[in-house]
Amino acid sequence: MVDRLANSEANTRRINIVENCFGAAGQPLTIPGRVLIGEGVLTKLCRKKPKARQFFLFNDILVYGNIVIQKKKYNKQHIIPLENVTIDSIKDEGDLRNGWLIKTPTKSFAVYAATATEKSEWMNHINKCVTDLLSKSGKTPSNEHAAVWVPDSEATVCMRCQKAKFTPVNRRHHCRKCGFVVCGPCSEKRFLLPSQSSKPVRICDFCYDLLSTGDMATCQPTRSDSYSQSLKSPLNDVSDDDDDDDDSSD
């Protein structure tokens, strides 16, 4: 089915429409063999709060962006190669339901669909695209993924020292290895994580000590279904990142 659509005029028109919606700031998406499988709005759990994002699933990449005008204009385009993607379902909790994790070596995050059926369709299509890609390339599934950042609202105090309270002066930071929300003194060190950046990135003291001794596995995050806490109890939103989708900030 995908192979038959690859060179069809209808598929080319659909991809051109997506390109036009992102405008000149977006990357070209039309290449031989690429097929637009589906699209839709998902709720992405950003570091400050859940936000609606427009997602486009192609047979080789996943693209998403901010919604400026629905079906007409999007910005802040993100492109994720599917061969590096693994997904895990998230248990329903509170107002956050029908969710799953999208995990890659460079960035990982949680998304939520409007219904259980929509979640199932998204996950099935993503898994099929990934399986087909790996089958054609002969590559093995990626077993390395970046930590899913704990939302700011889950932490009123540093998750490492358990003492420092976050204020407009004592701002929140995120460890790039474990994803925990930490204070400045607990995350003063930098470490090179090649899959995430060509430059050393901020990590907490705990992960730094483990990485320095080569015990990298212990740093791997174990939190997979705790992100629903972000919709509970309204907390003071003091963050060091004005753009929820820009991981370059501390």
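Scope of the values below: all heavy atoms of this structure, side chains included, with no hydrogens, waters or symmetry mates.
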* To do: Enter the distance from Phe206:CZ to Leu211:CG here, rounded to the nearest 0.5 Å.
  => 10.0 Å
* Applying the 4.5 Å side-chain criterion to the ILVMFWY set and letting contacts propagate, would Val181 and Val157 be lumped into a single cluster? -> no
* Asked: If you round to the nearest 0.5 Å, how far is OG of Ser187 from OH of Tyr208?
  -> 13.5 Å
* Asked: Can you check whether Gln196 reaches Lys177 side chain to side chain, under 4.5 Å on heavy atoms?
  -> no
* Asked: Quick one: salt bridge (charged side-chain N to carboxylate O under 4.0 Å, His left out) pairs with a partner in residues 58-71, sequence neighbours left out?
  -> Arg34-Asp60
* **Under the side-chain contact (heavy atoms from CB on, under 4.5 Å) test, residues paired with Ser198 that sit two or more places apart** => none
* With sequence neighbours left out, what residues match Asn98 under side-chain contact (heavy atoms from CB on, under 4.5 Å)? -> Asp92, Ala113, Ala116, Lys119
* To do: Given side-chain contact (heavy atoms from CB on, under 4.5 Å), test Arg202 with Phe191 step by step and report yes or no.
  => CA-CA 7 Å; Arg202 179 187 293 269; Phe191 199 92; over 6 Å; no
* Asked: Is the side chain of Ser195 donor-acceptor paired with the backbone N or O of Pro105 at a distance under 3.5 Å, no angle test?
  -> yes
* To do: May I ask you to decide whether Asp132 forms a salt bridge with Lys128, counting only side-chain N to carboxylate O separations under 4.0 Å?
  => yes
* Asked: Are Ile67 and Ile17 in one and the same hydrophobic cluster, where Ile, Leu, Val, Met, Phe, Trp and Tyr link if side-chain heavy atoms are under 4.5 Å apart?
  -> no
* Asked: Side chain of Arg176, backbone of His174: donor and acceptor closer than 3.5 Å?
  -> yes
* Under 4.5 Å between any side-chain heavy atoms of Leu62 and Phe56, yes or no? -> no
* Can Ile80 and Val85 be said to form a side-chain contact (heavy atoms from CB on, under 4.5 Å), step by step? -> CA-CA 8 Å; Ile80 303 173; Val85 167; 3.6 Å; yes
* Is Ser108 reaching over with its side chain to a backbone N or O of Ala146, donor-acceptor style, under 3.5 angstrom? -> yes
* Write down the atom of Ala110, the atom of Leu101, and the distance for their closest heavy-atom approach. => CB-CD2, 3.7 Å
* **side-chain contact (heavy atoms from CB on, under 4.5 Å) evaluation trace for Val111 with Trp100** => CA-CA 6 Å; Val111 294; Trp100 67 98; 3.4 Å; yes
* Asked: Can you tell me how far CH2 of Trp149 sits from SG of Cys46, rounded to the nearest 0.5 angstrom?
  -> 11.0 Å
* When rounded to the nearest 0.5 angstrom, what is the spacing between CG in Leu82 and CG in Leu133? -> 6.0 Å
* Asked: Looking at residues at least two apart in the chain, or sitting in another chain, which of them share a salt bridge (Lys or Arg N to Asp or Glu O under 4.0 Å) with Lys139?
  -> Glu83
* To do: Using a 4.5 Å cut-off on heavy atoms from C-beta on, say whether the side chain of Lys103 contacts that of Asp88.
  => yes
* Asked: Do the side-chain N and O atoms of Thr104 and Thr106 include a donor-acceptor pair separated by under 3.5 angstrom?
  -> yes
* Could you tell me whether the side chain of Val63 reaches within less than 4.5 Å of the side chain of Val18, counting heavy atoms only? => no
* Asked: What are the two closest heavy atoms between Phe58 and Ile15, and how far apart are they?
  -> CE2-CG1, 3.8 Å
* **Closest approach of Met159 to Phe180 (non-hydrogen atoms, all atoms of both residues)** => CB-CD2, 3.8 Å
* To do: Heavy atoms only: give me the nearest Asn59-Gly33 pair and the separation to one decimal.
  => ND2-O, 3.0 Å
* With sequence neighbours excluded, tell me which residues meet ring-ring contact (aromatic ring centres under 6.0 Å, His included) with Phe55. => Tyr64
* **Spatial distance of atom CG (Asn66) from atom NZ (Lys44) [nearest 0.5 Å]** => 9.0 Å
* To do: Ignoring hydrogens and angles, tell me if any N or O in the side chain of Ser135 forms a donor-acceptor pair with the backbone of Thr131 under 3.5 Å.
  => no
* Asp152 bridged to Arg47 by N-O distance under 4.0 Å -> yes
* Got a sec, which residues hit salt bridge (Lys or Arg N to Asp or Glu O under 4.0 Å) with Lys189, two or more places apart in sequence or on another chain? -> Asp205
* Test item: His78 and Arg53 side chains (from C-beta on) under 4.5 Å apart, heavy atoms -> no
* Closest non-hydrogen atom pair between Leu193 and Val201, with its separation -> CD1-CG2, 3.8 Å
* Please answer whether the main-chain N or O of Thr30 pairs with a side-chain N or O of Glu19 as donor and acceptor at a distance below 3.5 Å. => yes
* Of all the heavy-atom pairs spanning Glu118 and Val41, show the shortest one and how long it is. => OE2-O, 3.6 Å
* Asked: Looking at SG of Cys183 and NE2 of His173, how far apart are the two atoms once the value is rounded to the nearest 0.5 Å?
  -> 8.0 Å
* Minimum side-chain heavy-atom gap Cys207-Arg160 below 4.5 Å -> yes
* Asked: So do Leu36 and Asn11 actually touch side chain to side chain, heavy atoms under 4.5 Å?
  -> yes
